[in-house]
Amino acid sequence: MTGCYPLLPAGTRSPGRYCRSGLGALLALCLLLLAMPAMAAKLTYQIKGVKGEQKDNVEAYLNALPVYQERQYRTARTRITEEVQKALQVYGYYQPKITLNRDKKAPAKVVIEIDRGKPVLISRLDILLEGDASNDEIYSALLDKLPLKEGDPLNHGMYESIKADLGSLGLARGYFDAKISKSQVKVYPDQGKAEIYILFRSGPRYRFGDIHYDATPEALRLIRPLINIQSGEPYLAIRLAEMSQDISSTKLFKQVDIKPMISQAENNRVPVQVTLSNRVDHEIEVGVGYATDVGPRMSATWEKPWVNRYGHSLSSTAKVSAPEAELSFDYQIPVGNPLRDYYSLQAGYQYTNNNDTRSDLTSIGVHRWKRRPESWDRDVFIRLENERYVQGSDEGNSLLLIPGVSWSRLRVRGGLVPEWGDRQQLTMEFSSPYWGSDINFMRVWGRSKWLRTLGEDHRFLMRVEQGAIVGDDFSLVPPSLRFFTGGDQTVRGYGYETISPRDADGKLTGGRYTSVGSLEYNYRFSEKWLGALFVDTGTATVDYSEAWKIGTGFGVRWVTPIGQVRLDLAVGISEEDKPLRLHFALGPEL
């Protein structure tokens with residue numbers, strides 16, 4: 001039975017109504033009463049008198065405080081002041097003047113005015129090394145470059161980093177018994193000075209012990225040239241890291257695990273365990289992409305990492321886009337170091353239908369690679385190719401035996417957005433009837449790219465390219481060896497390979513020479529975004545009688561885990577109609 005009855009609360013004139021069925025209303029009232037403290041204004045803080053990392057540290061200490069309500073201000077004053085003092089002591093300010101006031105317009109805001117005073121200065125800094133580290137020149141270099149010196153303001157963060165550096169260097173150089181047996185900071189605020197004492201006992205430096213392998217005999221034989229440590233040598237963690245990277249770079253193994261067995265060390269020698277897991281017999285990869293030069297494109301790659309026990313590998317790639325279709329095979333034979341010295345037997349077919357070029361190219365070649373990190377890679381090759389083609393008004397069927405050599409070098413510093421780097425490329429190719437070719441010529445092509453950074457946000461990219469063909473009647477040179485330019489990677493504002501001399505019918509003929517130059521400026525306005533301004537110029541020509549084409553514009557760069565995505569809007573200012581062209585590219589800048 002339900003019903004409502006009049007109820008006159010004491011001290012009121014207006015009647016209320018009490019409903020026995022109003023349990024929900026009563027529950028809502030209870031929840032409201034419980035929520036009232038949470039609805040009260042919370043204290044916030046405005047910091048004055050410090051800036052930069054010191055202000056950030058004060059804010060971090062205040063953020064670690066309990067959440068205080070406005071009504072708790074008086075009881076919280078002491079705790080707030082103490083936290084600000086602690087935050088300032090990190091940077092050596094032990095006698096600051098701290099004033100707390102409430103904002104008159106917003107009483108929940110606490111204005112903290114700070115007068116740091118003078119910092120405590122380091123009057124004595126003693127770091128003592130005991131053990132083998134006392135004679136280690138790398139530790140001596142570390143002590144010479146400490147972030148704190150006598151006379152500097154005390155900085156507890158840097159003090160802790162010194163201790164961490166002593167320990168991490170010990171692990172990297174094989175001081176596995178090392179420990180900091182004494183670390184002390186004595187502060188005398190009234191005298192404005194501090195004393196730091198650190199005693200680092202390194203113990204003996206360990207050496208590499210025996211190397212144990214968990215790998216197939218074929219894998220073990222193949223990686224022998226990549227083993228860069230020997231039993232009895234002083235331990236260096238970076239040597240293990242370099243060896244792991246080198247073995248992984250061969251792309252022959254699914255898993256590479258190289259680790260020191262510190263718990264099994266005896267007589268100050270650390271055994272090393274090398275575990276290798278071969279890749280599967282066959283791997284297939286399919287890709288889909290897009291570039292403004294060639295439009296949509298598809299690719300498929302098949303790899304057989306282990307053809308035989310000698311470490312030979314085979315790969316095949318098929319690529320299809322609107323102007324080109326390609327099928328290629330690559331059979332690699334290691335010679336000594338499989339990462340740096342190998343033969344590459346290549347064969348392929350390429351069909352091109354681009355602008356005024358129609359070509360069917362079949363080729364087979366032998367390459368001898370020598371790769372040298374941080375130096376020049378060299379490729380000596382000989383290639384036999386047959387090309388049936390129509391280029392503008394020229395038509396032919398050429399059979400060429402082309403020996404040649406190419407050099408390349410890439411140097412880069414930085415991550416996904418490098419701060420410094422350069423890439424150099426040079427190729428020389430020869431053809432002569434003396435060894436069976438249809439025509440006689442020498443072809444030379446080179447490119448140089450440079451990246452430099454000014455400050456942290458200003459980047460400059462420069463590029464130059466030059467090519468030339470010297471020899472017989474140019475009309476007999478097939479299209480795959482002639483020079484064309486224009487597009488995403490050369491002169492932006494123009495279509496892919498549309499810059500070239502033209503015949504009487506206005507069709508592209510390709511050039512005997514090519515020259516390209518580019519200057520680009522990048523401004524980094526956030527961690528993942530950059531703006532770009534650029535100007536490109538270039539030509540493909542027979543005699544340099546034509547005016548060079550110029551393209552200029554602006555773009556954006558988006559930094560992703562797989563590389564930079566580059567989007568450019570360029571105008572071909574050398575043309576009467578000033579055409580606009582959008583360029584899209586993904587990949588490394590150099």
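Between Glu137 and Tyr139 the shortest side-chain heavy-atom distance does not fall below 4.5 Å. Contact check for Leu169 versus Ile138: side-chain heavy atoms found under the 4.5 Å cut-off. Residues Leu530 and Val556 form no side-chain contact, since every pair of their non-hydrogen atoms from C-beta on lies 4.5 Å or further apart. Put simply, the side chain of Thr81 reaches to within 4.5 Å of the side chain of Leu100, judged on heavy atoms. Considering only heavy atoms from C-beta on, Met243 comes within 4.5 Å of Ile229 through its side chain. Considering only heavy atoms from C-beta on, Val405 comes within 4.5 Å of Arg378 through its side chain. Side-chain contact between Arg116 and Gln54 is present, with heavy atoms from C-beta onward closer than 4.5 Å. A 4.5 Å side-chain heavy-atom check between Val187 and Leu154 finds at least one atom pair inside the cut-off.
Remark: His583 pairs with no residue by the ring-ring contact (aromatic ring centres under 6.0 Å, His included) rule, at least two apart or across chains. Not counting sequence neighbours, the partners of Glu520 by the salt bridge (charged side-chain N to carboxylate O under 4.0 Å, His left out) test are Arg492, Arg557. Residues meeting the ring-ring contact (aromatic ring centres under 6.0 Å, His included) test with Phe253, sequence neighbours left out: Trp306. Considering only residues two or more places apart in sequence or on other chains, Tyr523 meets the ring-ring contact (aromatic ring centres under 6.0 Å, His included) condition with His458. For Tyr188, the ring-ring contact (aromatic ring centres under 6.0 Å, His included) criterion is met by no residue, not counting sequence neighbours.
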Tell me which donor-acceptor pairs under 3.5 Å the side chains of residues 255-268 have, and how far apart each pair is, sequence neighbours excluded?
none

Without placing hydrogens or testing angles, list every side-chain donor-acceptor pair under 3.5 Å for residues 406-418, not counting sequence neighbours.
from, atom 1, to, atom 2, distance (Å)
Arg411, NE, Asp422, OD1, 3.4
Arg411, NE, Asp422, OD2, 3.2
Arg411, NH2, Asp422, OD2, 2.7

For a quick test of your reading: what N or O donor-acceptor pairs under 3.5 Å do the side chains of residues 200-224 make, sequence neighbours left out?
from, atom 1, to, atom 2, distance (Å)
Arg201, NE, Glu130, OE1, 2.8
Arg201, NH1, Ser181, OG, 2.7
Ser202, OG, Glu130, O, 3.1
Ser202, OG, Asp132, N, 3.3
Ser202, OG, Ala133, N, 3.1
Arg205, NE, Arg173, O, 2.7
Arg205, NH2, Tyr235, O, 2.9
Tyr206, OH, Asp177, OD1, 3.2
Tyr206, OH, Asp177, OD2, 2.9
Arg207, NH1, Gly232, O, 2.9
Thr216, OG1, Ala219, N, 3.2
Arg221, NH2, Arg309, O, 3.2
Arg221, NH2, Tyr310, O, 3.3

Donor-acceptor list for residues 558-567 side chains, cut-off 3.5 Å, not counting sequence neighbours:
from, atom 1, to, atom 2, distance (Å)
Thr560, OG1, Ile562, N, 3.4
Thr560, OG1, Gly563, N, 3.4
Thr560, OG1, Gly563, O, 2.5
Gln564, NE2, Glu589, OE1, 3.3
Gln564, NE2, Glu589, OE2, 3.4
Arg566, NH1, Gly587, O, 2.7

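Counting heavy-atom neighbours within 6.0 Å of Lys251 NZ, excluding the residue itself, gives a total of 12 or less. Other residues, nucleotides and ligands contribute more than 12 heavy atoms inside 6.0 Å of the CD atom of Gln184. Counting heavy-atom neighbours within 6.0 Å of Lys149 NZ, excluding the residue itself, gives a total above 12. In Lys449, the NZ atom is crowded: over 12 heavy atoms of neighbouring residues, nucleotides or ligands sit closer than 6.0 Å.
Not less than 6.0 angstrom separates the ring centroid of Tyr45 from the ring centroid of Tyr61.
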Any chance you could lay out the salt bridge (Lys or Arg N to Asp or Glu O under 4.0 Å) test for Glu82 and Lys86, step after step, and finish with the verdict? CA-CA 6 Å; Glu82 289 175 350; Lys86 291 178 184 178; 5.5 Å; no
Let's go through Ser344 and Phe381 carefully: what are the C-alpha distance in whole Å and the side-chain angles of both, what is the deciding distance for side-chain contact (heavy atoms from CB on, under 4.5 Å) to 0.1 Å, and is it a yes or a no? CA-CA 9 Å; Ser344 176; Phe381 60 85; over 6 Å; no
Test side-chain contact (heavy atoms from CB on, under 4.5 Å) on Ile98 and Ile112; report intermediate values, then the result. CA-CA 7 Å; Ile98 303 170; Ile112 304 174; 4.0 Å; yes
Step by step, would you call Ile196 with Ile162 a side-chain contact (heavy atoms from CB on, under 4.5 Å)? CA-CA 11 Å; Ile196 295 177; Ile162 290 173; over 6 Å; no
Would Lys48 and Asp115 satisfy salt bridge (Lys or Arg N to Asp or Glu O under 4.0 Å), going step by step from the backbone distance to the final call? CA-CA 9 Å; Lys48 295 183 177 181; Asp115 180 359; over 6 Å; no
Pair Phe176-Val270, side-chain contact (heavy atoms from CB on, under 4.5 Å): steps then yes or no: CA-CA 10 Å; Phe176 297 120; Val270 180; 3.6 Å; yes
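Annotation: cation-pi pair Lys42/Tyr68 absent, no NZ/CZ under 6.0 Å from the ring centroid and within 45° of its normal. Judged by the 6.0 Å and 45° rule, Arg368 forms a cation-pi pair with Tyr343.
Every pair passing salt bridge (Lys or Arg N to Asp or Glu O under 4.0 Å) that includes a residue from residues 227-242 is listed here, sequence neighbours excluded: Glu233-Arg239. Residue pairs meeting the salt bridge (Lys or Arg N to Asp or Glu O under 4.0 Å) criterion with at least one member in residues 152-162, sequence neighbours excluded, are Glu160-Lys163. Counting only residues at least two apart or in different chains, salt bridge (Lys or Arg N to Asp or Glu O under 4.0 Å) contacts with residues 522-534 are absent.
Between the side chains of Glu195 and Tyr197, at least one donor N or O sits under 3.5 Å from an acceptor N or O. In this structure, a donor-acceptor pair under 3.5 Å is absent between the side chains of Trp369 and Gln332.
Using the six-membered ring where Trp is involved, His282 and Trp302 have ring planes that are parallel, under 30° apart on the 30 and 60° scheme.
For the residue pair Leu121 and Gly151, the shortest heavy atom distance occurs at CD2-O, 3.9 Å. Closest approach of Leu148 and Leu125 over heavy atoms only: O-CD2, 3.3 Å.
Between Glu303 and Arg279 a salt bridge is recorded (basic side-chain N to carboxylate O distance below 4.0 Å).
If you take CE on Met462 and CZ on Phe460, they are separated by 8.5 Å, rounding to the nearest 0.5 Å. Between atom CG of residue Leu88 and atom CG of residue Asn57 there is a gap of 8.0 Å, rounded to the nearest 0.5 Å. The CD atom of Gln489 lies 10.5 Å from the OG atom of Ser518; values are rounded to the nearest 0.5 Å.
The main-chain N or O of Ala194 is found under 3.5 Å from a side-chain atom of Ser123 such that the two form a donor-acceptor pair.
Among the candidates Gln346, His367, Glu429, the single residue satisfying the side-chain hydrogen bond (donor to acceptor under 3.5 Å, both in side chains) test with Arg383 is Glu429.
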